[in-house]
K.L.:
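This is the structure I have questions about; it appears just below.
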Amino acid sequence: MEHHILGFPRIGAKRELKLALERFWRDEITQNDLERVGNDLKERHWELQRKAGLSFVAVGDFSFYDQMLDTALMLGAVPARFAGGGQATLETCFRMARGDAARNLPAMEMTKWFNTNYHYIVPELSAAQGISLSTRTIIEDTLRAVQRGYRPKPVLVGPITFLALAKGVDGFDCWQKLDDVVAVYAELLAELGQHCQWIQMDEPVLCSDLGAKSRSAFSQAYGILNKAAGSAKLLLATYFDTLDDNLDLALTSGCAGLHLDLVRGGGQLEAVLAKLPQDMVLSAGVVDGRNVWKTDCAQALVLLDRIRDKVGDEGLMVGSSCSLLHSPVDLENETTLDSELKNWMAFATQKCDEIHLLGQALCGADCAEALAVNARAIVSRRNSPRVNNKAVARRCAAVDQAMLSRNSEYSTRAKAQSWLDLPLFPTTTIGSYPQTAEIRRQRRLFNEGESSPREYEAFMQQEIRQVVSRQEELGLDVLVHGEAERNDMVEYFGQQMDGFCFTANGWVQSYGSRCVKPPIIYGDVSRPQAMTVKWITYAQSLTKKPMKGMLTGPCTILCWSFVRDDMERSEVCRQIALGIRDEVQDLEAAGVRIIQIDEAAFSEGMPIKQKDRGSYLQWAVDCFRLSTSGARDSTQIHSHMCYSEFNEIISSIAAMDADVISIESSRSGMELLDAFKAFSYPNEIGPGVYDIHSPRVPTAEEMIDLLQRASGFIPMERLWVNPDCGLKTRNWPETLASLKNMVEAAHRLRALVKE
Ligand code: GLN
Ligand code: ZN
C-alpha cells in the first residue's frame with residue numbers, strides 16, 4: 001500500500017525562499033544563488049519525505065513564485081507584452097508576476113486559489129498565443145530525484161484546471177486552445193512516464209461547478225493523456241470539496257488512480273466506493289493539508305479500513321487531503337507555544353509522519369505505541385477546559401432573531417444619526433495611516449519587553465495626536481485614530497481574545513514571497529475586556545469631529561485564521577461576533593458615535609460550489625449583524641470591504657445593514673457600480689475614489705468625475721468620499737497630497753450642488 005503527500009510547502013522552514021527571492025529582487029544575490037536555494041529546498045523536502053517513510057517524493061510542487069504561472073511558462077503561454085527574448089526564463093516569470101516598472105507594465109492579475117488564502121497568477125490566453133513545451137524543469141527535477149535514489153511522483157497542474165482558470169484576452173474562449181495544450185501535456189507525460197510509476201495530475205476544478213465545455217474537454221483530454229503516459233499511471237487528484245456532478249467524469253477518465261479529499265469532501269466516499277472501477281486505485285486524503293491539527297488516527301483508520309474492505313491493499317493509497325502548501329512547515333520550530341497546545345498540532349513535517357504511521361498501521365506493523373500517543377493527544381484536546389468554555393456555549397445558544405437586527409430600520413436610524421451633523425459628501429478614510437519605520441520599531445521594542453507599557457502608550461498617544469491634527473488640517477469630516485498600535489488587523493484582536501494562540505514560525509505562502517502567519521483558534525472564543533476603547537477615546541478627546549472606532553469583523557477574523565476543526569465554522573464565527581458585539585457596546589458607552597467593522601475578507605469564505613453559497617452568506621451576514629445590532633439607532637455603523645466583484649453578493653452586502661459601507665472600486669474605474677444598476681443599494685456608501693495600492697497622487701478632477709458617475713446610481717445624499725482601503729502601506733507626503741485633493745473634490749461637489 002502506497003502512502004504519499006500531494007505536495008510540500010515550498011517556502012522553507014525558515015522562509016529561506018522568501019528571503020532569497022527578495023534579496024534577488026534587490027540585486028543582492030545572483031540568479032545562480034537563488035537557484036541554489038531552490039534546489040536545496042527541493043532536495044531537503046524530498047529527503048524529509050523519504051525519511052518519513054513515504055512511498056514517493058513529490059516533484060514539481062516547488063515553484064519560485066506560483067505553480068499556475070509555472071504551468072503557463074511550461075506551455076509557453078507568455079503574453080506578448082512580457083515575451084522579451086521569447087524565452088520562458090526566470091526573468092520572464094518574475095516580470096509576469098510582478099510587472100516591469102522600467103517598461104511601465106503592470107503585473108498579471110492574481111486571484112485566490114479556490115477557497116484558500118493562496119493566490120495564483122491568472123494565465124492569459126489570446127487567439128494569437130502559440131503553445132509549445134517551453135520549460136523542462138519538471139523533467140530535470142524528476143531525473144535528479146531518480147539520480148539521488150528517490151522514487152519521484154511528478155505533480156502537475158492538470159490541463160482542465162489550467163484552462164478553466166485562465167482568462168481569455170478580449171473575450172477569447174480559452175477552450176479553443178485545448179488541443180494545443182493537451183498536445184504539450186502529452187509530450188511531457190511521454191517523457192516523464194519513462195522515469196516514474198505515478199504522475200499526479202491536479203484537477204481541483206473537478207470539485208467546482210463545471211460547464212458543459214469543460215466537462216467534454218476533460219474527457220477528451222484524459223483520453224489522450226492516459227495513452228501518452230505510457231507505462232506510467234496517472235493519479236487524478238481532486239481536492240477542496242466533493243466531486244458530486246463530476247464524479248462520473250472522474251471515474252470514467254481512464255486514469256489509474258483517483259485522489260479524494262476526505263477532509264473537505266468526506267461525504268462522497270460511499271458514492272465513490274459504490275461506483276469505483278475495479279482497476280482504479282483510490283487515494284484517500286485523510287490528513288488535513290490545510291490546517292494545523294493532529295489527525296485523529298483511530299478515526300482515520302476506521303475510514304481507511306472501510307475503504308480497504310472494498311478495494312483491497314493494492315487498491316488503496318493513503319495521502320494528505322491536498323498539497324501541504326497550505327500548512328506551516330515544522331512544528332519543531334515553535335518555541336513560544338506551550339507544550340499542551342503544541343501536543344494538539346501537526347504541521348507539514350509532522351503530517352508526513354502521520355501518513356506514514358497510518359500506512360504502517362494498516363499494513364499490520366506494530367504501531368500500538370505511536371497510536372496510543374496520538375490517541376492521548378486527541379483526548380487531551382477534546383476534553384481540555386481551555387477548549388471548552390461553558391459560558392460561551394450558553395451565550396451562543398441564547399442568540400435569538402432579535403439579536404440579529406438593529407432597533408430600527410435604516411431610514412429611522414439615519415434621522416437619529418443627524419446629530420453627527422455631517423455635510424453632503426462627507427469625507428473619511430478607511431482606518432490606518434502610514435505605518436512608519438518608527439512605529440514598527442516602537443511596537444517591536446514593546447513586544448520584546450524593551451520598552452515599558454508607559455513608554456509605549458506615550459509614543460502611541462503622540463502618534464495619535466499627530467494623525468488627528470493632520471486630519472483636522474486636511475479638513476476631513478470623520479476622523480480615525482490611525483491604527484498605529486496594530487501590526488495586523490486580525491492578529492491585534494486575536495491577541496486580546498481567549499481561544500486564540502500564535503505561532504513564532506507558522507508561516508504559509510500567500511503569494512510569491514509574501515507569507516502570512518495566521519492566528520490559530522483552538523478553543524471557545526470570548527473577549528475578556530475592551531480591546532480598542534483606550535485608543536479611540538484618547539483620539540476622540542483631541543477633536544470635536546466624530547472619531548470613528550475601528551474593529552475587524554467576525555468573518556474576516558475567521559477567514560484569516562486557522563480554525564478549530566471540532567466545531568462548525570459558523571459557530572466559531574458566532575462566538576467571535578459576540579466578542580465584537582461587546583466591543584461595540586463598550587465603544588458606544590465611552591461616547592464613540594461612529595464605529596466601523598471591517599469585513600475585508602467577507603467574500604473569501606465563500607464555498608466553491610454555488611449550491612453551498614447561500615447558507616454561507618446567510619450565517620456570514622447574521623454574524624455581522626450580531627456584532628453590530630447592539631448599537632443604538634443614533635450610533636452610525638460603518639463597514640469596509642476590499643472587494644470589487646460585487647455583483648454576485650450585493651444583496652448580501654445590503655443585508656448586512658451597515659449604515660455606511662466603503663468599498664474598493666477605483667481600480668476598476670467604478671465598474672462595480674454596474675452592480676448598482678441592477679440593485680439599488682439602500683444605505684450609504686463610499687465607493688473608493690482612489691487606489692491606495694499605487695503611490696500615484698490622484699487629482700481632484702478625476703475623483704470628482706468618479707463621484708459624479710457614482711451619483712448616477714446612488715443618490716448623492718447617501719454618497720461618501722474616501723480612499724479605497726487603509727493607508728498603512730503609503731508614506732506621508734503622498735497621503736497628504738492625495739487626501740488634500742480628495743477633500744477638495746468633496747468641497748467642489750458641494751459647491752456644485754448649491755449652485
Ligand atoms: N481598517 C483597515 C485599515 O485601514 C482596513 C484594512 C483592509 O481593509 N484590509 O488598514
Ligand atoms: Zn480594504
Side-chain angles (χ1 to χ4, degrees), residues 110 112 117 119 427-436 439-440 443 460 463-464 467-468 470-471 476 478-494 510-511 514 516 518-519 531-532 535-536 539 547-561 580 583-584 587 592 594-605 624 627-628 637-646 649 653 656 658 660-668 672 685-694 720-732 734-735 738-739 742:
M110 186 167 73
K112 275 161 57 76
N117 287 328
H119 301 73
T427 52
T428 190
T429 56
I430 305 303
S432 56
Y433 270 91
Q435 293 237 333
T436 57
I439 293 178
R440 288 197 297 270
R443 263 201 323 255
M460 286 301 161
E463 201 48 49
I464 291 174
V467 171
V468 170
R470 284 183 163 164
Q471 293 174 87
L476 287 155
V478 171
L479 312 195
V480 296
H481 79 296
E483 301 181 23
E485 78 287 9
R486 303 180 192 177
N487 162 45
D488 175 276
M489 64 189 286
V490 169
E491 186 178 77
Y492 180 78
F493 290 93
S510 170
Y511 62 87
R514 178 152 168 81
V516 293
M531 303 183 282
T532 62
W535 304 119
I536 310 292
M547 177 62 57
K548 184 161 66 163
M550 282 294 154
L551 305 174
T552 301
C555 293
T556 301
I557 294 179
L558 187 84
C559 282
W560 290 348
S561 300
I580 302 297
E583 188 72 14
V584 167
L587 282 169
V592 178
I594 304 185
I595 301 168
Q596 176 172 312
I597 301 176
D598 290 328
E599 280 293 22
F602 183 76
S603 61
E604 294 191 15
F624 182 85
S627 57
T628 54
I637 298 289
H638 289 219
S639 184
H640 166 71
M641 271 159 276
C642 307
Y643 195 61
S644 42
E645 284 140 43
F646 268 93
I649 56 167
I653 289 173
M656 289 162 76
V660 183
I661 58 167
S662 60
I663 47 179
E664 195 172 297
S665 58
S666 56
R667 263 190 292 186
S668 51
L672 100 149
I685 182 165
V689 293
Y690 78 87
D691 177 10
I692 62 89
H693 304 87
S694 146
W720 283 65
V721 180
N722 46 257
D724 72 357
C725 198
L727 298 161
K728 73 177 187 181
T729 57
R730 300 266 59 93
N731 66 31
W732 272 109
E734 63 204 26
T735 297
S738 301
L739 292 178
M742 188 186 88

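Quantities reported herein were computed from a predicted structural model and do not represent experimental measurements. Numbering of ligands and ligand atoms starts at 1, following listing order.
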K.L.:
Which atoms form the tightest heavy-atom contact between Ile439 and Gln435, and what is the distance?
P.N.:
CD1-CA, 4.1 Å
K.L.:
For ligand 1, would you mind listing the residues that have at least one heavy atom less than 4.0 Å away, ordered by chain and number?
P.N.:
Ile430, Gly431, Ser432, Glu483, Met489, Asp598, Ala600, His640, Cys642, Cys725, Gly726
K.L.:
I need the protein N, O or S atoms closer than 2.8 Å to the Zn ion (ligand 2), given as residue plus atom name.
P.N.:
His640 NE2, Cys642 SG, Cys725 SG
K.L.:
Excluding sequence neighbours, so at least two apart, what forms side chain to side chain contact (heavy atoms under 4.5 Å, CB included) with Ser603?
P.N.:
Tyr643, Ile649
K.L.:
If you compare all heavy atoms of Glu599 against all heavy atoms of Ser639, which two are closest, and at what distance to 0.1 Å?
P.N.:
N-OG, 3.9 Å
K.L.:
Among residues at least two apart in sequence or on other chains, which ones pass side chain to side chain contact (heavy atoms under 4.5 Å, CB included) with Ser561?
P.N.:
Val490, Phe500, Pro519, Ile521, Ile557
K.L.:
What pair of heavy atoms forms the shortest contact from Thr429 to Tyr433, and how long is it?
P.N.:
CG2-OH, 3.1 Å
K.L.:
Does NZ or CZ of Arg486 fall inside the cone over Trp535's six-membered ring, less than 6.0 Å from its centre and within 45° of the axis?
P.N.:
no
K.L.:
Heavy atoms only: give me the nearest Ile692-Thr729 pair and the separation to one decimal.
P.N.:
O-OG1, 4.4 Å
K.L.:
Check Glu483 with Lys728, please: is the shortest side-chain N to carboxylate O separation under 4.0 Å?
P.N.:
no
K.L.:
Decide yes or no for His481 and Val467: does some side-chain heavy atom of the first lie under 4.5 Å from some side-chain heavy atom of the second?
P.N.:
no
